[in-house]
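Notes for the one structure printed next.
Here the structure is a predicted model, which means the values were calculated and not measured. Side chains included, hydrogens not; waters and symmetry mates left out as well; all remaining heavy atoms used. Convention: sequence-line order gives letters A, B, ...; per-chain numbering from 1.
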Amino acid sequence: MPSLAAPGFDLDLTLRSGQFFRFRPDGDGFLLVDSGRVLRLRPQGDRIEYRGGTAAHVRRLLGLDADHGAALAALRRDPLLAAVLPRYAGMRIMTQDPWVCLVSFVCSSMSNMKRIQGNVEGIARAFGPALEDGIHDFPGPAALPAGALAPIRLGWRERFVAGLFARVDPARLHALAARPFEEARAALMELPGVGPKVAECVMAFSLGFGEACPVDVWIRRVGRRLWFRNRRVPDRRIADRFRATFGRHAALAQQIWFQAVRDGVPVGQAPR
DNA sequence: GCTTGACCTGAAGCA
DNA sequence: ACGGCCAGGTCAAGG
């Protein structure tokens, strides 16, 4: 089985951090679906063994192309993040297919990991071409018959997802990766069900905008406590503060804080 | 601009 | 078992 170098990379942490939903445990590794490929990954020390795709695909998907040493150095410049960093230094920002990422995060509103995973898998199973026995690629945008999404149980997100399937041009979506930050963000927010949070998720986790910083309820709490004496401030100010502090590593800083607070790590104290 | 409530469903966690 | 000052938000309306 081929393998690639991944020093200090934590596959389990990265996959369970809520960036990407098309994975499941598979033996002593994971099975992932992205961009028409079924990838089987297994950590082996400082390497990742892989089957089903190219090394370039795996490296890109897992965020292993970035200069992680430089990123960690930037993160350590903030003492409070430095305090929790040892536990989360293996986190990477993934780069998945933007269309799948977009639909996934529109499904994520007021939902949870397990349910989002079920929704995304359900859409793939219902409308996507089979890749292997029981494993389907995610379907591209296309006009779906009225009511076709009903069995997926998306609830009030259904009309948003239907709108995305009707309106999105994947080529234009990909092309946003080359646009300036504000322009890409505004273009995404034109889409149904896409507000600031979902827009920055798509930018961070699929379009390569390292300065993107999705502000959800958890990051809102962290940001308020770290920088605004626990006062209410607009989400935009929190995201801007992440960008001012961490620059193009804001997305990684955000993702580490997100995971840390969800793990119950106290904010602004040394880990015990 | 900022605040508020509605929106489908499923199931964590606690009687 | 049962069901809520829930849940990783967005949208449209209102003061």
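For A/R153, counting side-chain heavy atoms from C-beta on, the closest listed nucleotide (B/dC8, C/dG9, B/dG10) is B/dG10. Nearest nucleotide to the side chain of A/F160, out of C/dC11, C/dG9, B/dC8: C/dC11. Residue A/V217 has its side chain nearest to C/dG8 when only C/dG8, B/dC8, C/dT10 are considered. The A/R232 side chain lies nearest to B/dT3 when the options are B/dT3, B/dC8, B/dC2.
Taking a pair as Watson-Crick or G-U wobble with both distances under 3.5 Å, the runs of three or more consecutive pairs in DNA chain C are B:2-7 with C:9-14.
Taking atom P in both C/dC11 and B/dG10, the straight-line distance is 23 Å, to the nearest Å. Separation of the C1' atoms belonging to C/dC5 and B/dG5 is 14 Å when rounded to the nearest angstrom. Going from the P atom of B/dT4 to that of C/dC6 covers 15 Å, rounded to whole Å. Rounded to a whole angstrom, the distance from the P atom of B/dC14 to that of C/dG8 is 15 Å.
Between the CD1 atom of A/I152 and the P atom of B/dG10 there is a distance of 12 Å, given to the nearest Å. Computed from coordinates, the A/F105 CZ to C/dA7 P distance equals 19 Å when rounded to whole Å. Distance, A/L164 CG to C/dC11 P: 10 Å, rounded to whole Å. Between A/R236 atom CZ and B/dC2 atom C1' the separation is 16 Å, expressed in whole Å. Between the CZ atom of A/R159 and the P atom of B/dA6 there is a distance of 15 Å, given to the nearest Å. A/R220 places its CZ atom 13 Å from the P atom of B/dC2, with the value rounded to the nearest Å. In this structure, A/W257 places its CH2 atom 19 Å from P of C/dG8, rounding to the nearest Å. Rounding to whole angstrom units, CG of residue A/L149 and C1' of B/dC7 are separated by 17 Å.
The environment of A/R236 atom CZ is dense: over 12 non-hydrogen atoms of other residues, nucleotides or ligands sit within 6.0 angstrom. Other residues, nucleotides and ligands contribute more than 12 heavy atoms inside 6.0 Å of the CZ atom of A/R221. Around the CZ atom of A/R224, the shell of radius 6.0 Å holds more than 12 heavy atoms that belong to other residues, nucleotides or ligands.
Among the protein residues, A/P196 comes within range of the sugar-phosphate backbone only, with heavy atoms under 4.0 Å from sugar or phosphate atoms but none that close to a base. Nucleic acid contact class of A/L191 (heavy atoms, under 4.0 Å, all strands): sugar-phosphate only. Among the atoms of the strands shown, base atoms are found under 4.0 Å from some heavy atom of A/G18. At the heavy-atom level, A/V198 lies under 4.0 Å from the strands shown only through sugar-phosphate atoms.
For residues 112-123 of chain A, proximity to DNA chain B is found at A/K114, A/R115, defined as any non-hydrogen atom under 4.0 angstrom from a strand atom.
The base of B/dC7 does not come close enough to the side chain of A/R157 for any donor and acceptor atom to sit less than 3.5 Å apart.
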Enumerate donor-acceptor pairs with a distance under 3.5 Å from any side-chain N or O in residues 122-142 of chain A to protein atoms, sequence neighbours excluded.
unit_1	atom_1	unit_2	atom_2	d
A/E132	OE1	A/R40	NH2	3.0
A/E132	OE2	A/R40	NH1	3.2
A/H136	ND1	A/G128	O	2.8
A/D137	OD1	A/G36	N	3.3

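Ring pair A/F23/A/F30 is perpendicular by interplanar angle, where above 60° counts as perpendicular and below 30° as parallel.
Transitive grouping of hydrophobic side chains (ILVMFWY, heavy atoms separated by less than 4.5 Å) keeps A/F20 and A/L31 in distinct clusters.
A/E190 is linked by a salt bridge (Lys or Arg N to Asp or Glu O under 4.0 Å) to nothing, counting only residues two or more places apart in sequence or in another chain.
Judged as a side-chain hydrogen bond (donor to acceptor under 3.5 Å, both in side chains), the pairs with a partner in residues 46-72 of chain A (not counting sequence neighbours) are, in order, A/S3-A/R47, A/D34-A/H57, A/R42-A/E49, A/R59-A/D65, A/H68-A/R92. A salt bridge (Lys or Arg N to Asp or Glu O under 4.0 Å) check over residues 211-220 of chain A, counting only residues at least two apart or in different chains, returns the pairs A/R220-A/D235.
Salt bridge absent: A/R237 and A/D240 never bring a charged side-chain N and a carboxylate O closer than 4.0 Å.
Comparing A/S111 and A/G195 by the nucleotide of DNA chain C whose heavy atom lies nearest to each, the residue mapping closer to the 5' end is A/S111.
The structure places CG of A/D263 at 8.0 Å from CG of A/L13, a figure rounded to the nearest 0.5 Å.
The ring of A/W156 does not lie on top of the base of B/dC8; it is either too far (5.5 Å or more) or too tilted (30° or more).
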